Amino acid sequence: TADELLILNDQAKELGSTTQFTAIEVVGLQTELAKLGFTIKDIKNSTPAILDLAASLEVDLASAAEFAGSVVRSFGLTTEDTQRVVDVMAKSTSTSALNFEALKESIKVVAPAARATGVSIEKTAALLGILANNGLKGSVAGTGLSKSFIELNKKGLTLEQGMAKVAGSSNKLNTAIELVGVVGAKSFLSLAESGQAIIDLEQQFLGAEGAAKSMAEVRLDNLEGDMTKLGSAWEGFLLGIEDGEGP
């Protein structure tokens with residue numbers, strides 16, 4: 001409706017004049033979210049956080065929107081959790097060997113199994129971070145972790161119980177294969193040997209609030225960043241004049 005469009009219009013102008021992105025770019029992001037089936041409320045909830053994600057990881061808005069939207073939905077969260085998701089994703093790229101592309105590929109594969117077995121976004125990101133540190137990234141890590149979740153669930157074991165069995169085994173590889181199968185064994189073996197590191201990383205992600213915005217500010221803390229923000233503010237100034245609101 002006209003009133004709903006006005007809400008998004010006002011948000012686009014506000015964010016366009018106070019972030020590195022222009023109002024036109026914000027409208028583009030809102031449009032991408034609408035294509036994903038987001039309601040007006042969902043778009044308003046998600047847009048600021050996704051701008052933080054795009055700025056912190058230096059990815060385009062369309063990619064950031066698709067990624068954040070899919071993670072929120074695949075973990076059964078609401079758009080009010082978008083900032084939480086974005087902060088965890090941003091933090092994971094600065095505290096492990098994960099990057100945006102690897103994270104996107106891994107999450108896409110593992111999210112359904114993680115959700116079904118009650119594993120949080122923070123725990124999932126920590127597990128993927130440890131796997132990345134051990135050279136397992138992208139769909140390889142996602143597939144291995146997903147298979148581990150599924151096979152352990154079949155056997156009535158939690159992830160921690162399964163890892164303890166492997167860690168205490170005299171033949172760790174065989175035990176990992178018995179528990180999660182050949183496909184998941186390599187990933188699960190890496191996790192079983194990284195117990196405390198997983199806990200430490202998960203704790204960092206549980207305290208990730210504000211990480212994306214902080215990372216974005218660091219990336220913009222230079223002359224080029226100042227000029228970018230000035231350009232956005234100038235566009236906001238011009239839009240204000242065009243609307244008859246005055247300087």
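Basis for what follows: all heavy atoms, side chains included, without hydrogens, waters or symmetry-related copies. Keep in mind that what you see is a predicted model, and the values were worked out from it rather than measured.
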Participant: Output yes when a side-chain donor or acceptor of Asn133 lies under 3.5 Å from a complementary backbone atom of Ala97, and no otherwise.
Facilitator: yes

Participant: Return yes if some donor-acceptor pair links the side-chain N/O of Asp81 with the main-chain N/O of Thr78 below 3.5 Å, else return no.
Facilitator: yes

Participant: Restricting to non-hydrogen atoms, name the atom on Glu151 and the atom on Val180 that form the minimum distance, rounded to 0.1 Å.
Facilitator: CG-O, 3.4 Å

Participant: With clusters defined by side-chain heavy atoms of hydrophobic residues (ILVMFWY) lying less than 4.5 Å apart, directly or transitively, does Phe67 cluster with Val109?
Facilitator: no

Participant: What's the spacing between Lys137 NZ and Leu98 CG if we round to 0.5 Å?
Facilitator: 7.0 Å

Participant: What closest approach, in Å, do Val26 and Gly16 show between heavy atoms, and which atom pair accounts for it?
Facilitator: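 Closest approach of Val26 to Gly16: CG2-N, 4.1 Å.
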
Participant: Please give me the minimum heavy-atom distance between Ala65 and Leu33, naming the atom from each residue.
Facilitator: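 Between these two residues, the closest heavy atoms are CB-CD2, 4.0 Å.
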
Participant: If only atom types and distance count, is the side chain of Asn134 paired as donor or acceptor with the main-chain N or O of Leu136 below 3.5 Å?
Facilitator: no

Participant: Under 3.5 Å, is there a donor-acceptor pair between the Asp200 and Gln196 side chains?
Facilitator: yes

Participant: Determine, stepwise, if the pair Leu15 / Phe21 fulfils side-chain contact (heavy atoms from CB on, under 4.5 Å).
Facilitator: CA-CA 7 Å; Leu15 294 174; Phe21 301 100; over 6 Å; no

Participant: Quick check against the 3.5 Å criterion: does Lys172 have a side-chain atom that pairs as donor or acceptor with the backbone of Leu189?
Facilitator: no

Participant: Applying side chain to side chain contact (heavy atoms under 4.5 Å, CB included), name anything that partners Ser74, two or more places apart in sequence or on another chain.
Facilitator: Ala111

Participant: Rounded to the nearest 0.5 Å, how far apart are CD of Glu193 and CD1 of Ile130?
Facilitator: 12.0 Å

Participant: Examine distances only and state if a side-chain atom of Glu4 and a backbone atom of Thr1 form a donor-acceptor pair shorter than 3.5 Å.
Facilitator: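 Yes.
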
Participant: Regarding Gln30 and Gln11, do their side chains bring together a donor and an acceptor under 3.5 Å, going by distance alone?
Facilitator: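 Yes, because at least one side-chain N or O of Gln30 sits under 3.5 Å from a partner of the opposite role on Gln11.
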
Participant: So which heavy atom on Ile177 is nearest to which on Ala185, and how close?
Facilitator: CG1-CB, 3.6 Å

Participant: With a 4.0 Å cut-off, would you call Glu160 and Lys123 a salt bridge?
Facilitator: yes

Participant: Rounded to the nearest 0.5 Å, what's the gap from CD on Glu66 to CG on Leu61? Could you check?
Facilitator: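 Rounded to the nearest 0.5 Å, the CD-CG separation comes to 13.0 Å.
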
Participant: Can you give me the closest heavy-atom contact between Val86 and Ala68, atom names plus distance?
Facilitator: CG2-CB, 4.4 Å

Participant: State yes or no: do Val183 and Phe188 share one hydrophobic cluster built from I, L, V, M, F, W and Y residues joined by side-chain heavy-atom distances below 4.5 Å, directly or via other members?
Facilitator: no

Participant: Looking at Ala49 and Thr82, what are the two nearest heavy atoms and their distance?
Facilitator: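 Answer, listing the atom of Ala49 first, then Thr82: CB-CG2, 3.8 Å.
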
Participant: Does the side chain of Thr79 come under 3.5 Å of the side chain of Asn45 through a donor N or O and an acceptor N or O?
Facilitator: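 Short answer, yes.
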
Participant: Applying the 4.5 Å side-chain criterion to the ILVMFWY set and letting contacts propagate, would Ile150 and Phe75 be lumped into a single cluster?
Facilitator: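 No, separate clusters.
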
Participant: CZ/Phe149 to CG/Leu127 distance, rounded to the nearest 0.5 angstrom?
Facilitator: 5.0 Å

Participant: Would Leu5 and Ile24 show up in the same hydrophobic cluster when neighbours are defined by side-chain heavy atoms closer than 4.5 Å?
Facilitator: no

Participant: Within this structure, what is the CG-OG distance for the pair Leu57 and Ser63, rounded to the nearest 0.5 Å?
Facilitator: 11.0 Å

Participant: Run the numbers on Val59 and Glu101 for side-chain contact (heavy atoms from CB on, under 4.5 Å), then give the verdict.
Facilitator: CA-CA 10 Å; Val59 298; Glu101 288 302 323; 5.9 Å; no

Participant: Using the ring-ring contact (aromatic ring centres under 6.0 Å, His included) criterion, which residues pair with Phe205? Sequence neighbours excluded.
Facilitator: none

Participant: Please check if Leu77 and Leu103 belong to a single hydrophobic cluster, counting links between Ile, Leu, Val, Met, Phe, Trp and Tyr side chain heavy atoms closer than 4.5 Å.
Facilitator: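 Linked within one cluster.
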
